[in-house]
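For reference, the structure discussed in these notes is given below.
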Amino acid sequence: MTTASSAVQTPTPFKPRIFSGIQPSGGLTLGNYLGALKRFVEKQDEGIETIYCMVDLHAITVWQDPEKLRYQTREGAAAFIAAGLDPARSILFNQSQVSAHAELAWIFNCVTRLGWMNRMTQFKDKTAGKNAEAASLGLYAYPSLMAADIMVYHATMVPVGEDQKQHLELTRDIAIKFNNDYGVDFFPVVEPLIEGAATRVMSLRDGTKKMSKSDPSDQSRINLTDSADNIAAKIRKAKTDPEPLPETVEGLKDRPEARNLVNIYAALAGHTVDQVIRDYAGAQFGTFKPALADLAVAKLSPITAEMNRLMADPGEIDRILGQGADRADAIAQPILERTKDIVGMIRSRKG
Ligand code: AMP
Ligand code: TRP
């Protein structure tokens, strides 16, 4: 049965369009840079339309201090620009400025099944060891809002780190169920882009844990705001095993800390892991760590300096986010309006 209004065009095949988001819920780490920012910027340079968002609606799924939220949203935008994002070529904005995200999320909340949400491991991780009954409803619905972020632009590709894979599978499920429920081919089935050596940057203290801004130990991570001395000291003190680097990539198996440092080197240098192993086969960490520290400082210091320069002028950042929001809104509104048509909502025919 097809219930879609005849006004609805079937927009297949979908135009290639990239969307991704970062939460402004704390400082950014080397994991965010290598797993997200750096790759996002590379996509812009591949000539595909790119839309990047500071997801403040997601951030408030756990309580945020209002002044910090504002600061961190600007800092995230500054990090994007410092990492090479060009606001003229990519769209950069904060989610709450484009109300279509929240509106489509509500419609998706009515498509998404509780059973699907109950399988989301990030919700389980974020409430592990805590009283899950006291978690916000927003934290539970988080993945449905994420699906709306992507679908409200008909985005076809989403670069993310490994940790977001399950949320993208859910996005596909929501899109497919919506299309089936309403007998349309309206939402694209999105492709996750999880590629490169650093889709999962691990803690410097424990090679089996993700590098994260929420780790209690500052030594476990490199922050994009760390000084050169601090970066070098953290790499020097990073946990390793006593063996030299292996002769082959297979030799990194079962050596999570060594593998992590080699992956970080490869991602920062823009080399393959193979290449790094070839260059450092048999090297002791006494040799490899200083080389990695020099490389990290060389790559990150200019970004930190540019972030600091941009943060000195918050008005300019707000202007860029506002212009980005206007451009994002122009794409999202017609897609939201067509969604409302499909669902059977009477809407204004203004625009
Ligand atoms: P978050 O800071 O958790 O909102 O993550 C923002 C983006 O950074 C997402 O695309 C994540 O997948 C990515 N990301 C966060 N931490 C890491 C990490 N340790 N390694 C690789 N990517 C990461
Ligand atoms: N959940 C993502 C994270 O923790 C952030 C995010 C929100 C996102 N909406 C998105 C990522 C849409 C990609 C696409 O990193």
Side-chain angles (χ1 to χ4, degrees), residues 17-41 43 50-62 64 72-73 75-76 79-80 83 93-96 98 101-102 104-105 108 120-123 125-126 138-139 141-172 174-175 190-215 220-224 256 259-260 263-264 266-268 328 332:
R17 182 178 279 153
I18 288 179
F19 179 92
S20 198
I22 291 192
Q23 290 197 63
S25 55
L28 292 161
T29 69
L30 179 68
N32 296 126
Y33 174 66
L34 293 177
L37 295 171
K38 183 170 180 284
R39 292 168 52 224
F40 295 178
V41 169
K43 294 293 162 199
T50 40
I51 308 177
Y52 297 125
C53 183
M54 298 307 302
V55 291
D56 46 11
L57 296 172
H58 278 107
I60 62 162
T61 56
V62 295
Q64 301 291 325
Q72 287 162 1
T73 304
E75 191 176 66
F80 262 110
F93 70 108
N94 60 304
Q95 188 186 27
S96 59
V98 179
H101 290 243
L104 184 61
F108 280 1
M120 294 295 112
T121 56
Q122 185 168 295
F123 180 80
D125 292 347
K126 284 190 177 175
L139 189 66
Y142 180 115
S144 167
L145 174 60
M146 179 162 161
D149 293 340
I150 299 165
M151 289 297 121
V152 86
Y153 300 99
H154 276 176
T156 56
M157 287 172 283
V158 180
V160 277
E162 190 69 39
D163 58 341
Q164 295 302 311
K165 205 170 159 197
Q166 194 188 32
H167 287 161
L168 290 185
E169 283 160 7
L170 181 85
T171 302
R172 294 162 69 107
I174 294 174
V190 73
E191 286 297 328
L193 298 176
I194 302 172
E195 55 200 2
T199 53
R200 203 165 156 81
V201 177
M202 308 310 278
S203 157
L204 299 179
R205 308 266 67 196
D206 176 352
T208 63
K209 264 173 53 189
K210 195 179 91 162
M211 181 182 285
S212 162
K213 54 197 165 201
S214 54
D215 192 309
S220 72
R221 63 179 159 264
I222 291 171
N223 305 298
L224 286 190
R259 193 177 57 213
N260 187 39
N263 281 348
I264 292 174
L268 282 171

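Start at 1 with the first residue, then count along the sequence. Read the numbers this way: they start at 1 and go in the same order the structure lists the ligands and their atoms.
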(Q) Within this structure, what is the OG1-NE2 distance for the pair T121 and H167, rounded to the nearest 0.5 Å? (A) 6.5 Å

Q.
With a 4.0 Å heavy-atom cut-off, what residues sit around ligand 1?
A. I22, Q23, G31, N32, G35, A36, V160, G161, D163, Q164, A198, T199, R200, V201, K210, M211, K213

**Q.** D215/K209 ion pair, N-O < 4.0 Å
**A.** yes

Q. Got a second to check how far D56's CG is from S25's OG, nearest 0.5 Å?
A. 11.0 Å

(Q) With rounding to the nearest 0.5 angstrom, report the CD1 to CZ distance, I194 to R39. (A) 7.5 Å

Q: Assign the ring pair F40 / F80 to parallel, tilted or perpendicular, where the plane angle (0 to 90°) is split at 30° and 60°.
A: parallel

Q: Drop me the distance from K210's NZ to D125's CG, to the nearest 0.5 angstrom.
A: 9.0 Å

(Q) Which heavy atom of P24 sits nearest to which heavy atom of A59, and what is that distance? (A) CD-CB, 3.9 Å

Q | Residue pair H101, Y153: steps toward the ring-ring contact (aromatic ring centres under 6.0 Å, His included) verdict | A | CA-CA 9 Å; H101 290 243; Y153 300 99; 5.4 Å; yes

Q) Say you draw a straight line from NZ of K165 to CD of Q122; how long is it, rounded to the nearest 0.5 Å? A) 15.0 Å

Q | Contact residues of ligand 2 (heavy atom under 4.0 Å), by chain and number | A | F19, S20, G21, Q23, V55, H58, Y142, M146, D149, I150, V158, V160, Q164

